[in-house]
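Some notes on the structure that comes next.
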Amino acid sequence: MEKDWWKKSVVYQVYPQSFKDTTGSGMGDIKGIIEKLPYLADLGIDVIWLNPIYQSPLVDNGYDISDYFKINPEYGTMDDFKSLLEKAHFLGIKIIMDLVVNHTSDQHEWFKKSCESRDNEYSDFYIWKDPKEDGSAPTNWGSTFGGPAWEYVESRGQYYLHLFAKEQPDLNWEKPKVREAIYDMMKFWFELGIDGFRMDVISLISKRQDWPDAPEDAVYTKSYYIGASNGPRVHEFLHEMNQEVLSKYNTMTVGETANTNSDQAILYTDPEREELDMVFHFDHMHLDYGPYGKFSDIRFKMSDLRDVLTEWQCKLEGRGWNSLYWSNHDQPRAVTRFGNDTNYRVESAKMLGTLLHMMKGTPYIYQGEELGMRNVRFTSFDQYKDIETYGVKKEFEEKQLAEEYIKESIFLKSRDNARTPMPWNGSEMSGFGFTTGTPWIDFSPDNVWINVENCFADKNSVYYHYKELIRLRKELPVVVDGTYELINQTDSDVYGYIRILAKQKLVVICSFAENKVNYTLPIELKRSSAKLLLSNYHDTKKELDDLELRPYEAVIYLIEE
Ligand code: GLC
């Protein structure tokens, strides 16, 4: 098998809990994913990234693993998983799993033993520290979901570190036996036949051993970055992991790297350094952050987005590889955040797809994005399920922020926006084709009109546009290998770029404007012989010339010389 297959691949992210339930439990399951494999094959994707399906108390929906070798019974059995692998592979679809090794669940046997005493086999599997003289925590770090990052345990008279919930204690990567245990576990899954890993918060695994306090003005829930992000040994650890495990299999790896800029990304993804294939960065996710971080009511600026994406395209050229994404299970819905989810929902969802999928890198589609799903307007706070949303509400209430602001920022940013069940049809009576039972989280009221069945029936749906984008990547080497060049830096609403490979040039022009805008094309690109490959309006003109772009219009032309 070819080695860099992931460069040509389109990845589809399945959030198992919300994809398809076959038992009536209200939670999606592995058999449900198997049932929907033909849907995914038909869309044309190459790889499925599965969010965690391991045994877990689900405090953080599976990112708190209590046994790395077991499937959570809510999702099915190991046999179900083997059958998923076999059937996916039969259809030419690869499967990558989530690797969550910055931390485990507090219900993991290792942690239970580690809590018992300071001198057993697992004592130093986690990060334990003595209290300061006054009994307080070793550093002033806050944790991602609110509250301090240190928790005191009576039996040891010490604090343990948790960058996420207190039920997610951080593993101690300094200890070789911890790393060995992780590598063995990874080999177990590769031997079973999986094709790679998405590595959860992998930029956080190496902690500074001088345990510095964070500056007072740091955003509290991220204040641990000072001692934990891109830490002193992170590249050493990943290179070791690569040598011990990854290099022995034909894999794909993508690291989730919070707080990592494009220079640091090269260190993770430069093939010569033998670490990871690509990383998920957050620079474009940060464009609408406010004074309290992610939860804000600020809208991004298109020119910032263009700067950020261009920087990543240019910096990694020839030195690393980009992963391209608008959303995932931690982010709100793309069309609400970056498009217009009311008057131009379909147009802007297609425009966003076009902009991203024609770039250089591996595109990721988050389930439902191909339908143009929007954020969910829950009417009562109880409808939210996510630990992060509860943490933010508490923090904002303590800060006495206005109720309206709290509500709106949660509507705009809660992770639950992405977690409502996948709508397979528009019938509420049939649980929208997701479940015959009560869903673990409420359905989006949009399901009656935004659903798979309706998308199939409408030849102008977002779904068919995504299918075309995937097809273009398969058909045209320039989409995979072409270099990227920005067309016009100054335009405030239009993002245009070209991709170049030998005699092929792909011209991609996307409008973020809500009204018609005139776009003057650089003279050297004007061609009557150019071919219009795809547009989100049906009557876009065929020749490549100055354009009058309609709201959220996106066009792709091919020039061949
Ligand atoms: C990652 C996951 C997120 C999880 C966190 C802790 O950011 O994507 O869902 O809560 O790590 O594991």
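These numbers come from the heavy atoms of this one structure, side chains and all, not from hydrogens, waters or symmetry mates. Order of appearance sets the numbers: ligands from 1, and atoms from 1 within every ligand.
Looking only at protein heavy atoms, the nearest one to atom 11 (O) of ligand 1 is Asp200 OD1, 2.9 Å. The protein non-hydrogen atom at the shortest distance from atom 9 (O) of ligand 1 is Asp330 OD1, 2.7 Å. Residue, atom and distance of the protein heavy atom nearest to atom 7 (O) of ligand 1 are Glu256 OE2, 2.8 Å.
Contact annotation: for Phe145 versus ligand 1, heavy atoms closer than 4.0 Å belong to the side chain alone.
The contact set between ligand 1 and Asp60, taken as ligand atoms under 4.0 Å from a residue heavy atom, comprises 4 (C), 5 (C), 6 (C), 10 (O), 12 (O). When each atom of ligand 1 is checked for a heavy atom of His103 under 4.0 Å away, the hits are 6 (C), 12 (O). For ligand 1, the atoms closer than 4.0 angstrom to any heavy atom of Val201 are 1 (C), 7 (O), 11 (O). Which parts of ligand 1 touch Arg198 is read off a 4.0 Å heavy-atom cut-off, strictly below it: atoms 2 (C), 8 (O).
Around atom 6 (C) of ligand 1, the closest heavy atom drawn from Phe164, Phe280, Tyr15 belongs to Phe164.
Remark: Lys112 engages Glu109 in a salt bridge, criterion side-chain N to carboxylate O under 4.0 Å. Classification of Lys31 and Glu35 as a salt-bridged pair fails, no side-chain N sitting under 4.0 Å from a carboxylate O. Under the 4.0 Å criterion applied to side-chain N and carboxylate O atoms, Arg415 and Glu388 are assigned as salt-bridge partners.
Side chain of Gln313 to main chain of Lys360: a donor-acceptor pair is present (N/O by atom type, distance under 3.5 Å, no hydrogens or angles). Proximity of a side-chain donor or acceptor of Thr362 to a complementary backbone N or O of Trp6 within less than 3.5 Å is detected.
The shortest separation from a heavy atom of Arg415 to ligand 1 is under 4.0 Å, placing the residue in contact.
Between Asp124 and Val178, the shortest heavy-atom contact is O-CG2, 4.5 Å.
Relative orientation of the Phe443 and Phe434 rings is perpendicular, given thresholds of 30° and 60° on the angle between their planes.
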